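All remarks here apply to the structure that follows.
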Amino acid sequence: MPQIYVSIGSNQSPQENIREGLRQLESIVGPLVCSPVYRSVAVGFNGDDFFNLAVGFHTTLPLLRLIEELRIIEFVCGRLRGQEKFSPRTLDLDILTYGNMVIQKEGLSIPRGEILHYAFVLKPLADIAAEACHPVLNKTYGDLWTEFTGHDGGLVHAAGFLGQSRR
């Protein structure tokens with residue numbers, strides 16, 4: 001079974017929506033390894049701060065079926081598709097990696113490009129997969145985080161955000 005990493009974010013009722021998203025995702029794929037939650041400013045628009053984390057898991061679900069399941073979870077949590085790329089979100093679930101798969105075609109990019117550009121994506125991923133390698137760059141996520149020079153968005157650990165640790 002491939003190792004999957006997913007980025008999770010919310011800036012609308014984030015505690016409620018992230019908890020529900022994690023509960024639903026776990027019911028579909030099984031146990032999750034969760035990073036700490038981080039708070040950062042909204043990127044690309046003026047809005048409430050976002051709360052982000054990364055989760056890792058193994059699954060037998062094919063990629064397109066997993067994408068479908070993630071969209072269902074987003075919808076159940078109130079996500080409306082078709083909004084501007086940079087806008088408030090009840091829940092955003094993005095596949096960062098799917099095993100060592102590399103796909104670059106319209107509407108689908110794996111590994112997800114945001115890994116290299118946004119601290120709120122890379123830091124949580126490095127927390128749970130420091131020794132895993134980016135399938136294109138062949139560098140570990142820990143090394144990529146150490147070398148990160150992009151804007152950190154005011155990234156801070158949101159201690160106690162989900163209550164007890166899910167790790």
Side-chain angles (χ1 to χ4, degrees), residues 1-12 14 17-18 20-35 37-38 40 42-45 47 50-145 147-148 150-151 153:
M1 287 191 287
Q3 174 69 56
I4 314 299
Y5 293 104
V6 171
S7 178
I8 300 175
S10 174
N11 77 335
Q12 294 181 326
N17 287 315
I18 289 174
E20 181 60 17
L22 289 169
R23 188 190 67 73
Q24 288 191 36
L25 183 58
E26 194 167 53
S27 75
I28 294 166
V29 301
L32 304 173
V33 174
C34 298
S35 77
V37 177
Y38 293 90
S40 62
V43 173
F45 70 100
F50 271 84
F51 290 85
N52 297 278
L53 70 150
V55 297
F57 56 90
H58 291 89
T59 185
T60 58
L61 289 177
L63 175 61
L64 295 180
R65 177 66 192 275
L66 180 59
I67 291 169
E68 182 180 299
E69 293 292 341
L70 296 181
R71 285 189 175 160
I72 290 168
I73 294 169
E74 289 175 338
F75 177 78
V76 168
C77 290
R79 168 88 184 260
L80 300 175
R81 291 254 162 216
Q83 295 177 315
E84 294 180 33
K85 178 177 174 134
F86 296 110
S87 62
R89 296 275 191 265
T90 57
L91 190 64
D92 195 15
L93 302 172
D94 293 322
I95 297 172
L96 300 175
T97 66
Y98 187 97
N100 289 322
M101 189 177 288
V102 176
I103 300 174
Q104 299 297 323
K105 61 182 180 180
E106 190 173 324
L108 185 58
S109 179
I110 295 181
R112 196 155 178 100
E114 285 89 343
I115 293 170
L116 304 177
H117 299 290
Y118 298 113
F120 64 83
V121 177
L122 180 55
K123 175 60 174 145
L125 180 58
D127 286 342
I128 61 171
E131 298 303 316
C133 283
H134 188 283
V136 174
L137 301 177
N138 204 29
K139 286 186 170 187
T140 69
Y141 296 112
D143 287 344
L144 289 171
W145 176 246
E147 298 166 3
F148 185 76
H151 180 62

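Keep in mind that what you see is a predicted model, and the values were worked out from it rather than measured.
- Without hydrogens or angle criteria, Ser7 side chain to Val121 main chain gives no donor-acceptor distance under 3.5 Å.
- Shown here for Gly150 and Phe148, the closest heavy-atom pair between the two residues is O-CE2, 3.3 Å.
- Between the CG atom of Leu91 and the CD1 atom of Ile73 there is a distance of 8.0 Å, given to the nearest 0.5 Å.
- Atom CH2 of Trp145 sits about 8.5 Å away from atom CG of Asp127, to the nearest 0.5 Å.
- Ile110 contributes atom CD1, which lies 9.0 Å from atom CD of Gln104 (distance to the nearest 0.5 angstrom).
- Here the side chains of Leu96 and Tyr141 are not in contact, with every heavy-atom distance at 4.5 Å or above.
- Ion pair Arg71/Glu74 not flagged as a salt bridge, since none of the NZ, NE, NH1 or NH2 atoms sits closer than 4.0 Å to an Asp/Glu carboxylate oxygen.
- Between the Gln3 side chain and the Tyr98 main chain, no donor and acceptor come within less than 3.5 Å of each other.
- Checked against salt bridge (charged side-chain N to carboxylate O under 4.0 Å, His left out), Glu147 has the following partners two or more places apart in sequence or in another chain: Lys139.
- Side-chain atoms of Asn52 never come within 3.5 Å of backbone atoms of Ser40 as a donor-acceptor pair (strictly under, hydrogens ignored).
- Within the 4.5 Å cutoff, the side chain of Leu25 has no heavy atoms near those of the Leu93 side chain.
- Results of the side chain to side chain contact (heavy atoms under 4.5 Å, CB included) test with Phe57 over Val33, Leu66, Ile28 single out Leu66 as the only residue that passes.
- In this structure a side-chain-to-backbone donor-acceptor pair under 3.5 Å is present from Thr90 to Cys77.
- Shown here are the ring-ring contact (aromatic ring centres under 6.0 Å, His included) partners of Tyr5, two or more places apart in sequence or in another chain: there are none.
- The CG atom of Asn11 lies 10.0 Å from the CG atom of Asp92; values are rounded to the nearest 0.5 Å.
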